Novice: 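Next up is a structure, given as structure tokens.
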Amino acid sequence: MTTLLEVENLSRSFGGLVAVKDVSFSLRAGRITALIGPNGAGKTTCFNLVAGALKPTSGRVLFEGRQIDNSPPETVCRMGIARTFQIVRPMREMSVLENAMIGAFSWTRNVSEARSKAYESLESVGLAAKAHARTDQLTLPDRKMLETAKALSTRPKLLLLDEVMAGLRPTEAAGIVGVLQKLAEGGLTILLVEHVMRIVMEVASRVVVLHHGAKIAEGPPGEVVADPKVLESYLGAGFHV
Amino acid sequence: MQKKFDRGVERTRWLAGITVFAVLGLVGLLANPYVISLMTIVLLFTFLGQSWNLMLGIGGQLSIGHALFVGLGAYSVGVLYVRYGISPWVGLLTGMILAGSVGASIAWLSFRFEVRGIYFALLTIAAAEFARIMFSGWEFVGAMQGLFFPAPSGGIEISMLRGDARFYYFVALALAALGIIGTEFISRSYLGYVWRAMRDDESAARALGVRTFQHKILVISLSAAMAAAGGGVLALVQGSIFPDSIMGMGLSVDVLIGPVVGGLGTTFGPLVGSLAAIPLNHLMSALGDSLRIPGLNNITYGVVLISVVWFLPDGIWPAIVRLCKAIQAPPTAWLWHSRKVEE
């Protein structure tokens with residue numbers, strides 16, 4: 001399998017605080033990888049570095065062999081990396097469908113082409129029936145899925161998901177897990193930042209664990225949860241799946 | 001099913017637009033000179049308001065210095081015509097290019113250094129004031145004494161854009177129609193979608209691949225060019241140009257009253273707002289004169305503006321549409337609905 005994204009010795013500090021320290025990992029095409037760790041571990045910073053929303057202090061990010069860490073977010077998106085936001089950010093005054101159309105304008109200027117892509121994205125996350133609703137009429141899980149649909153409209157090769165399951169009930173989360181698995185089967189590579197361990201175990205084929213900004217473990221979920229360092233710093237001794 | 005519905009909405013929408021402009025056309029043919037001159041100003045400010053509406057209501061960029069662009073348009077027409085006898089058509093084009101470039105430069109400088117939002121708005125005021133002071137001391141453009149167009153000969157000269165009050169009424173009507181159709185067209189194109197996304201959440205839009213830097217410059221220079229075209233015609237209608245009135249803060253405020261009162265970001269807002277606000281101002285001004293209450297117009301104007309902002313914060317037009325929806329009057333209900341959701 002080919003490597004889609006490579007993160008090499010990535011560091012980022014804010015003033016004196018080192019949020020991400022010398023982190024390296026790579027993403028295989030067509031897989032779901034999870035980035036986990038306790039609060040303040042640097043997951044979101046790491047995520048923003050990959051998405052181009054932040055510039056690294058040192059280190060590199062390579063996407064399909066090209067260095068992207070100096071590119072602004074819109075360029076990163078046009079290269080094939082789409083992201084969602086941890087706090088959902090629908091464009092308030094636009095309908096669900098219109099929200100999902102924006103991403104398509106990164107590769108087309110044809111409005112009806114964008115509209116059919118938007119329907120397709122909404123379809124794949126199960127929101128097609130609510131296409132003409134206003135975004136403030138959506139429930140939280142629907143809004144999270146709208147974020148994903150917006151990102152999918154950009155035709156990404158890599159999808160970055162920032163805590164899409166946070167604040168959801170288990171049944172709602174299960175629905176999202178199904179959507180993600182289907183997307184990965186379709187060949188999409190996914191990196192998700194996630195708190196809910198049960199979901200990580202279920203969907204991710206690889207897990208990267210951050211603690212105090214540094215990577216402390218990486219591997220298949222089964223191995224990672226057995227790692228004493230991970231147990232001590234994050235999951236807590238006596239964690240059982 | 002959706003498609004069929006869309007076509008019906010489309011037809012009604014066109015029908016209503018044509019009706020409104022047919023009525024305005026009849027006004028131009030039948031009304032007395034006072035109404036004609038008042039309505040000319042209303043229509044010009046509909047167009048100017050539309051330019052401002054495009055920038056804030058769709059593009060999300062606030063300008064409180066639109067007088068700069070209006071003034072550049074006015075002076076381009078005035079200087080070329082009065083000093084060199086060059087047709088105002090050329091003046092209008094020059095003004096649009098000039099204002100568009102100035103707008104683009106201000107935007108480029110501002111956004112290059114991450115000056116945005118309210119700070120960008122302050123920068124537009126500064127630029128307008130700078131230009132006003134510069135033009136006030138510049139002999140070539142008439143300085144404080146202003147620039148005067150020769151009195152019209154009476155006949156209508158389309159090539160020189162000269163004619164009587166009725167002629168200018170129809171010029172203003174054509175501009176207002178162009179402004180409305182143009183906004184509608186842009187609003188439905190990919191630019192409209194991308195600009196509204198940028199207005200609602202800039203960083204989210206960037207994450208979806210929108211090159212907001214370029215789009216902000218584009219929307220501002222387009223708005224500036226429109227404002228310049230309106231300014232050029234305004235100068236011809238008034239027959240004179242003074243820096244304090246054409247480039248002053250007062251004009252910047254007059255430009256934004258139509259869309260704010262009528263409904264920000266809507267296609268018909270600037271027209272409705274100008275129709276409501278400008279005649280009221282004139283009426284109260286006349287009433288104040290005859291009752292010997294100086295400033296009556298300003299007081300009334302202020303009270304009405306505060307009431308609109310207080311009771312109808314999204315403007316008169318959306319309120320009318322809501323009312324029609326409430327009493328089940330589909331002929332107008334679709335207008336707003338289609339504006340907000342899908343065509």
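All chains are named by letter (A, B, ...) in the order of the sequence lines, taking the proteins before the strands, and each is independently numbered beginning at 1. Predicted model, so just to flag it, every value in this text is computed and none were measured.
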Novice: Most heavy-atom pairs under 4.5 angstrom with chain B, which of A/A53, A/A104, A/P156, A/C77?
Specialist: A/C77

Novice: Quick check on the interface: out of A/P90, A/G103, A/P72, who has the most heavy-atom pairs with chain B under 4.5 Å?
Specialist: A/G103

Novice: Would you find more than 12 non-hydrogen atoms of other residues, nucleotides or ligands less than 6.0 Å from A/K55 atom NZ?
Specialist: yes

Novice: At a heavy-atom distance under 4.5 Å, which candidate from B/A197, B/A205, B/A207 has the highest pair count against chain A?
Specialist: B/A197

Novice: Report yes if the side chains of A/L27 and A/R206 come closer than 4.5 Å at any heavy-atom pair, otherwise no.
Specialist: no

Novice: With a 4.5 angstrom heavy-atom cut-off, is it the side chain or the backbone of B/S203 that approaches chain A, or both, or neither?
Specialist: both

Novice: Other residues, nucleotides and ligands only: do more than 12 of their heavy atoms fall within 6.0 Å of CZ on B/R211?
Specialist: no

Novice: Looking at A/R109, A/M79, A/R83, which has the largest count of heavy-atom pairs under 4.5 Å with chain B?
Specialist: A/R109

Novice: B/R196 side chain to B/G192 main-chain N or O, any donor-acceptor pair under 3.5 Å?
Specialist: yes

Novice: Where the side chain of B/S189 meets the backbone of B/I186, is there a donor-acceptor pair that is under 3.5 Å apart?
Specialist: yes

Novice: Please identify, among B/L191, B/D200, B/V194, B/T212, the residue contributing the most non-hydrogen atom pairs under 4.5 Å to chain A.
Specialist: B/D200

